[in-house]
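Working notes for the structure below.
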Amino acid sequence: MSDGIIDVAAGLILRPDGQLLLGQRPEGKPWAGWWELPGGKLEPGETVLQALARELQEEIGIEVTQAVPWVTYVHAYPHTTVRLAFCQVTGWKGEPRSLENQRLEWVNPAEASSVGDLLPATLPPLRWLQLPNAYGITSIGGRAGLPAFLERLERALARGLKLVQVREPDWPDGPGATSLRDAVQTIVKLCHAAGARVLINSAHPAAWWRQADGVHLRTNDAAALHTRPELPEGALVGVSAHDNAQIVHAREMGADFAVLGAVLETPSHPGQAGMGWDGFVAGNRDAGLPVYALGGQSVDTLDEARRHGAHGIAGIRGLI
């Protein structure tokens, strides 16, 4: 506990089928009858993962074998403020059982409210779970590169890619050229047929954002806004960030997620060292929203990214 804020570790205990464990607060506790994620307060000297392992052993009798830090989120209740360090738990020994007189239920995160009233601080992580852990970014360059790109995109979608950003600031204009708008429409159609969503980089017209599934704001474009752009219900807003202040701004303006980097050296900037994983952890501090790692990322770096608190990875070559 610091600055009057209570530090809490909360676990999203996820089965391989995607089902999530919720517990109902027992009689005699504040917010009795409301549903929440298992977890509890950090004790002096404990790390988040140590506190989580202890709490889950005490509350539901499981021994955690696999867990990663995820999003840290501050929530103000009427009489107290909590800093919730949400972690994803994907491995454990034993079967969860009620040791503190609480009801337990496995739920589909998208339909979690079917069990009853959910604690307000439980709602954001249920929403964040809907975001995939890979975010592919286009780099087509112009009409000549489009056929080969569409082949690569089809393969990536077949492998399970579910979120794509169209980012083509250098697409040439010219008479007789297939316009970028036509390419965008083709990409959106392909992605939607595969159940994937498409965001349009804010370098491109706002009318396109609404025809796709939302917008990815460049750092400077996000800095010029105090609230998220007006978009249809269910549209997503992503933000590019390079440091903690920009991550905080993304959260305050109501973005759904941010992308932070560059973490590692990239082929497009050889010889330029990235911020490294320590820099990523510092930039992602108290983010309050999911953050993707960008820069030198591929399916081979996903586990390492998640160990350092990333929601997942974003990239061009490594994903499409």
With a 3.5 Å distance limit and no angle check, can you tell me whether [X] reaches the backbone of [Y] through a side-chain donor-acceptor pair?
{"X": "Glu59", "Y": "Gln102", "value": "no"}
{"X": "Asn244", "Y": "Arg285", "value": "yes"}
{"X": "His216", "Y": "Ser202", "value": "no"}
{"X": "Asn284", "Y": "Gly309", "value": "yes"}
{"X": "Lys162", "Y": "Ala194", "value": "yes"}
{"X": "Arg228", "Y": "Gly254", "value": "yes"}
{"X": "Gln297", "Y": "Gly318", "value": "no"}
{"X": "His308", "Y": "Phe280", "value": "no"}
{"X": "Gln50", "Y": "Thr47", "value": "yes"}
{"X": "Thr65", "Y": "Gly91", "value": "yes"}

Tell me if the [atom1] atom of [X] is crowded by more than 12 foreign heavy atoms within 6.0 Å.
{"X": "Arg167", "atom1": "CZ", "value": "no"}
{"X": "Asn101", "atom1": "CG", "value": "no"}
{"X": "Asn220", "atom1": "CG", "value": "no"}

Original post:
So, His79 versus Tyr77, ring centres under 6.0 angstrom or not?
Top reply: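 Ring centroids of His79 and Tyr77 are no less than 6.0 Å from each other.
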**OP:** Would you mind reporting whether Leu163 and Asp213 have side-chain heavy atoms less than 4.5 Å apart?
**Re:**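 Contact flag for Asp213/Leu163 side chains = no.
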**OP:** Flag the pair Phe257 / Leu199 as yes when at least one side-chain heavy-atom distance between them is below 4.5 Å, and no otherwise.
**Re:** yes
Subject >> Same apolar cluster (I L V M F W Y, side chains within < 4.5 Å links), Ile60/Leu52 >> reply: yes
Original post:
Does one hydrophobic cluster hold both Trp277 and Trp70, with members joined at side-chain heavy-atom distances below 4.5 Å?
Top reply: no
**OP:** Evaluate the ring planes of His204 and Trp208, with Trp represented by its six-membered ring, and classify them as parallel (under 30°), tilted (30 to 60°) or perpendicular (over 60°).
**Re:**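 The rings of His204 and Trp208 lie parallel, inter-plane angle below 30°.
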Original post:
Where does the angle between the aromatic ring planes of Tyr135 and Tyr292 fall among parallel (under 30°), tilted (30 to 60°) and perpendicular (over 60°)?
Top reply: tilted
Subject >> Given Val198, Asn201, Thr138, the one that forms side-chain contact (heavy atoms from CB on, under 4.5 Å) with Gln165 >> reply: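 When side-chain contact (heavy atoms from CB on, under 4.5 Å) is applied between Gln165 and each of Val198, Asn201, Thr138, only Asn201 qualifies.
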Subject >> Pair Arg97 + Glu95: basic N to acidic O under 4.0 Å >> reply: no
